[in-house]
Amino acid sequence: MLEYDSEVRAIIDAEWERQSSVLRMIPSENIVSDDVLEALGSCFVNKYAEGYPSKRYYQGQENNDALERLACARACALFGAEHANVQSYSGSPANMAAYMALCEPGDRTVGLGLNSGGHLTHGWKVNFSGQLYEPHQIEVDRETERLDYDEVAKLCLEIRPKVLFIGTTSYSRAFDFARLREIADACGAYLVTDIAHVAGLVAAGAYPNPVPYADIVTMTVHKTLRGPRGGMILCKAAHAKALDRAVFPGIQGGPHMNQIAALAVALGEAARPEFKAYGHQIVKNAQHLAAALTARGLRIVSGGTDCHLMVVDLRAKSIDGKTAATALERAGIVCNFNAIPYDPNPPRHPSGIRLGTPSLTTRGFKEAEMERVADWIVGVLDAPDDEEKIARTASEIREFLKAYPYHHRAGA
Ligand SMILES: *Cc1c(COP(=O)(O)O)cnc(C)c1O
């Protein structure tokens with residue numbers, strides 16, 4: 001492989017070495033199976049397929065059509081959806097398509113604020129969602145750090161948005177999708193739920209499924225769902241036409257068929273019993289880690305987690321999130337700094353870090369390993385300037401990980 005390009009080969013090898021020798025705790029990352037990788041690197045990378053099955057703008061489509069139909073059928077079966085679109089290049093364009101399918105520029109929207117756990121595409125001012133539409137943001141309750149559904153209802157009745165857009169990048173609590181549907185109905189809004197982070201947990205039955213309640217459900221497929229980088233959209237049959245038109249020709253040209261091949265493989269893997277166990281283990285690991293960190297004197301935003309991620313409030317340790325994340329990285333623990341709700345500190349040096357368990361669970365970590373992980377994390381946070389201890393931690397982790405093979409084969 002890459003015999004003639006030793007420069008790129010060397011960089012790929014270095015990245016494989018890095019990934020396999022550290023605790024990867026960024027909740028939006030995972031480790032795909034060899035089968036997903038193989039499909040992603042297949043000959044579909046060579047093929048154009050603008051349009052939809054049986055309605056393409058290029059010839060030579062019989063295999064593209066079969067592949068896309070298979071991916072859509074697997075998606076609908078896995079999530080219980082009426083319609084699936086598998087062409088979105090990624091999560092952000094999937095969200096753009098949802099807006100385009102349901103509203104006009106200038107329409108009012110309500111989304112979850114960034115510091116409360118929402119995503120840029122839920123109405124943040126520098127994002128298209130904040131510029132093309134009139135965004136209003138909900139924040140979590142100051143005390144509970146959870147959504148107060150009565151407040152959401154009050155705001156929505158006041159604003160009367162066209163779309164209520166709800167999803168998480170760092171909100172660790174399960175959403176009450178039935179209640180959100182009621183709220184949307186009461187104010188005449190469409191409900192879009194963005195399950196980018198939790199899609200795999202939903203597929204595994206380890207997190208509530210919004211598909212029965214939402215007009216449109218968007219997701220990335222490369223986070224807990226453990227597929228290739230990409231997006232996917234599910235919707236009610238009534239929105240199918242508008243949604244497909246929004247994706248193509250509204251936003252995109254030709255779909256990445258190699259990505260769709262890899263997605264089809266990932267959806268097949270996610271339908272297996274082992275994936276159910278995997279999804280539940282991710283959540284058990286996150287809950288165990290949250291409890292272990294709490295027992296060691298740290299505060300978890302909202303008190304815990306119902307999914308794969310948590311935000312840790314570091315103020316008790318007198319260290320900011322950025323300093324913590326860089327010290328942790330030197331120790332072989334890779335996460336990201338993150339704001340806490342109503343963060344008193346600036347975005348570049350917020351008060352928290354965000355941790356997730358999907359990659360570690362793919363490697364085979366269970367509750368017992370989470371105790372070790374908690375010890376390592378707290379050890380670093382207690383002495384972020386002790387470079388000797390940090391180097392010792394990094395080599396301990398490197399040794400420890402040798403028992404947890406990096407390449408993952410589904411079902412193995
Ligand atoms: C990751 C994420 C996205 C964006 O996905 P990209 O593939 O990075 O564009 C959108 N919404 C939420 C909630 C996410 O977590």
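Read the numbers this way: they start at 1 and go in the same order the structure lists the ligands and their atoms. These numbers come from the heavy atoms of this one structure, side chains and all, not from hydrogens, waters or symmetry mates.
- For the salt bridge (Lys or Arg N to Asp or Glu O under 4.0 Å) with Glu29, the qualifying choice from Arg354, Arg24, Arg229 is Arg24, the only one to do so.
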Check against salt bridge (charged side-chain N to carboxylate O under 4.0 Å, His left out), Asp13 and Arg9: CA-CA 6 Å; Asp13 287 347; Arg9 175 77 265 165; 2.8 Å; yes

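- The aromatic rings of Tyr133 and Phe128 sit perpendicular, their planes meeting at an angle over 60°, well past the 30° parallel limit.
- The residues lining ligand 1, counting any heavy atom closer than 4.0 Å, are Ser90, Gly91, Ser92, Asn95, His119, Thr168, Thr169, Asp194, Ala196, His197, Thr220, His222, Lys223.
- By the side-chain hydrogen bond (donor to acceptor under 3.5 Å, both in side chains) test, Arg245 pairs with no residue at all, sequence neighbours left out.
- By the salt bridge (Lys or Arg N to Asp or Glu O under 4.0 Å) test, Arg372 is found to be paired with Glu396, residues two or more places apart in sequence or in another chain being considered.
- Shown here are the side chain to side chain contact (heavy atoms under 4.5 Å, CB included) partners of Pro53, two or more places apart in sequence or in another chain: Arg56, Asp65, Glu68, Arg69.
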